Amino acid sequence: MPGTIQWAPRSPEYQSEKQCKKTSFAFYQAVRDLLPVWVLEDMRLMEVLHWEEGGIVSSYSPSEALLYALVHDHLAYARYLLNHFPNDALAVPSKSFSCCQSGAPHLTMAVRYNRVQILQEILRTLRTFPSESRTVYINQRGCQRVEGGKTPIHLACELQRVECLTLLLGHGACPYINDCCGKTPLDILLHLIGASLQDMHLKRLCLDSLLLYMPRGIPLCTRQRLLEDGTAWQEGLGKDIYRWLAGTSPPTLFTLSMQTLLRALPADRFPEALEEISLPDFLRPFALQKQIPQ
């Protein structure tokens, strides 16, 4: 009849995609609601599918399930996945979960959402990896679109996640590493301090933690930058820290001692090894966040 709308039958592909979205959202809700681990695993292995680019239908991998656990802070589920599928849980997820396939986003996700306990579980799992693989994993750059090519410790400095930063450094993250723009974590912190002297507490805690892991000293370009406007930098950093960073005086004996101590601690036993040493309370995990005495 004229004017009558004729609906074409929906293709099997449409029905499949619609069903995948429905089951996928149900799994997302189940993790969000912190349902028991056995329920989530039954869903992941038997009931839930998600729609991939190109019409591929697949079940959730341990890596993708761990990302949901990170978003919703489901510690028990994250621990289960890491204990039972250590390699698969930290593998690169599918394109529908990570547009950048150059590395797994779990560390940067943990930092962004400040999931300190899950980050500890991830780092404990990485202890079982070969030393070279562990180092590469901890220092890998994040997605260019989401994280701007920053490493986990760059992101921890930018977001002032002090506990995350301390854990990453203690497990072998390189404090001198460059992001995709050539900036070091110290550059990130100095930019934050230079931009505003408000809310300095967390900035100083991050700076103090970072400097304890920089025994090779401060890059020359950073020193020159600080010397260009010494008065302003002294106000933000404090006189003693400024002089050390600018290269006009050495670090304190306390700082040198702590740097030596931290280098001696095995990365695969951090922070447990620190707890076994007789130290003042402010130096216990995550005590390195405390401001270094001047």
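From a predicted model like this one, the values you see are computed outputs, not experimental measurements.
Using a distance-only test at 3.5 Å, with no hydrogens or angles considered, a donor-acceptor pair links the side chain of Thr260 to the main chain of Leu256. Between the side chain of Arg161 and the backbone N or O of Arg112, at least one donor-acceptor pair lies under 3.5 Å. At distances below 3.5 Å, at least one donor-acceptor pair connects side-chain atoms of Arg127 with backbone N or O atoms of Asp268. Judged by distance alone, with hydrogens and angles left aside, the side-chain atoms of His106 form no donor-acceptor pair with the main-chain N or O of Val92 at under 3.5 Å. A donor-acceptor pair is defined here as one N or O able to donate and one able to accept, closer than 3.5 Å; no such pair exists between the side chain of His72 and the backbone of Leu67. Formation of a donor-acceptor pair under 3.5 Å by the Thr125 side chain with backbone atoms of Pro86 is not found in this model. Checking side-chain atoms of Tyr213 against main-chain N and O of Gly172 turns up no donor-acceptor pair under 3.5 Å. Side-chain N or O atoms of Ser63 include one that pairs as donor or acceptor with a backbone N or O of Ala91 at under 3.5 Å. Without hydrogens or angle criteria, Arg141 side chain to Thr151 main chain gives no donor-acceptor distance under 3.5 Å. Looking only at distances, a side-chain donor or acceptor of Asn139 sits under 3.5 Å from a matching main-chain atom of Cys174.
If you take CG on Asp33 and CG on Leu40, they are separated by 9.5 Å, rounding to the nearest 0.5 Å. We find the CG-OG1 distance between Leu159 and Thr108 to be 10.5 Å, quoted to the nearest 0.5 Å. A distance of 9.5 Å separates OG in Ser133 from CG in Asn87, rounded to the nearest 0.5 Å. A distance of 11.5 Å separates CZ in Arg263 from CE in Met258, rounded to the nearest 0.5 Å. Atom CG of Leu192 is separated from atom CD of Gln198 by 13.0 Å, given to the nearest 0.5 angstrom. For the atom pair Glu163 CD and Cys206 SG, the distance stands at 10.5 Å (nearest 0.5 Å).
You'll find the side chain of Leu81 stays beyond 4.5 Å of the side chain of Val37, heavy atoms only. Side-chain contact check for Asn114 versus Val116: some heavy-atom pair is nearer than 4.5 Å. Residues Phe85 and Leu66 have side chains not in contact (no heavy-atom distance under 4.5 Å, counting atoms from C-beta outward). Using a 4.5 Å heavy-atom threshold, the side chains of Arg204 and Ile241 count as touching. Side-chain atoms of Leu167 and Pro271, non-hydrogen and from C-beta on, do get closer than 4.5 Å to each other. The closest side-chain heavy-atom distance from Leu107 to Leu123 is below 4.5 Å.
A donor-acceptor pair shorter than 3.5 Å can be found between the side chains of Thr255 and Thr252. No hydrogens or angles considered: a donor-acceptor pair under 3.5 Å links the side chains of Glu64 and Ser94. Residues Glu41 and Tyr77 have side chains that bring a donor and an acceptor to within less than 3.5 angstrom of each other.
The two residues Leu70 and Arg115 make their nearest non-hydrogen contact at O-NE, 2.8 Å. For Arg223 against Leu245, the heavy-atom pair with the smallest separation is CG-O, 3.0 Å. Between Arg216 and Tyr176 the shortest heavy-atom distance is N-OH, 2.8 Å. Pro266 and Ala273 make their closest contact through CD-CB, 4.3 Å (heavy atoms, listed as atom of the first residue, atom of the second, distance). Counting all heavy atoms, side chain and backbone alike, Lys183 lies closest to Ile188 at CD-CD1, 4.3 Å. The two residues Ile218 and Leu186 come nearest to each other via the heavy atoms CG2-CD2, 3.9 Å.
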**OP:** Report the C-alpha distance between Leu237 and Leu226 in whole Å, list the side-chain angles of each, state the deciding distance to 0.1 Å, and finish with yes or no for side chain to side chain contact (heavy atoms under 4.5 Å, CB included).
**Re:** CA-CA 10 Å; Leu237 298 172; Leu226 294 173; 4.2 Å; yes

**OP:** I would like to know whether Leu165 and Val111 meet side chain to side chain contact (heavy atoms under 4.5 Å, CB included); could you show each step before the answer?
**Re:** CA-CA 8 Å; Leu165 177 62; Val111 173; over 6 Å; no

Original post:
Stepwise, does the side chain to side chain contact (heavy atoms under 4.5 Å, CB included) test hold for Tyr113 with Asp73?
Top reply: CA-CA 9 Å; Tyr113 284 90; Asp73 202 17; over 6 Å; no

Original post:
Ser257 and Leu253: side chain to side chain contact (heavy atoms under 4.5 Å, CB included), yes or no, with the steps?
Top reply: CA-CA 6 Å; Ser257 299; Leu253 180 59; 4.2 Å; yes

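A cation-pi arrangement is not found for Arg44 relative to Tyr80, the charged atom failing to lie both closer than 6.0 Å to the ring centre and inside a 45° cone about the ring normal.
Both Leu75 and Trp38 belong to a common hydrophobic cluster when Ile, Leu, Val, Met, Phe, Trp and Tyr are linked at side-chain heavy-atom distances under 4.5 angstrom. Cluster membership check: Trp244 shares its hydrophobic cluster with Phe254, using side-chain heavy-atom separations under 4.5 Å among Ile, Leu, Val, Met, Phe, Trp and Tyr. Leu34 and Tyr28 are assigned to two separate hydrophobic clusters, defined by single-linkage of ILVMFWY side chains at heavy-atom distances under 4.5 Å. Cluster membership for Leu189 and Leu227, using ILVMFWY side-chain heavy atoms within less than 4.5 angstrom, is shared.
The only member of Thr166, Leu169, Leu168 that meets side-chain contact (heavy atoms from CB on, under 4.5 Å) when paired with Phe270 is Thr166.
Note on Asp199 versus Lys203: no salt bridge recorded, every NZ/NE/NH1/NH2 to OD/OE distance being 4.0 Å or above. Using a 4.0 Å cut-off between a side-chain N of Lys or Arg and a carboxylate O of Asp or Glu, Glu121 and Arg124 qualify as a salt bridge.
Residue-environment remark: CG (Asp229) exceeds the threshold of 12 foreign heavy atoms within 6.0 Å. No more than 12 heavy atoms of other residues, nucleotides or ligands sit less than 6.0 Å from atom CD of Gln117.
A search for side-chain hydrogen bond (donor to acceptor under 3.5 Å, both in side chains) contacts involving Arg225 returns nothing, not counting sequence neighbours. For Asp187, the side-chain hydrogen bond (donor to acceptor under 3.5 Å, both in side chains) criterion is met by Thr184, not counting sequence neighbours.
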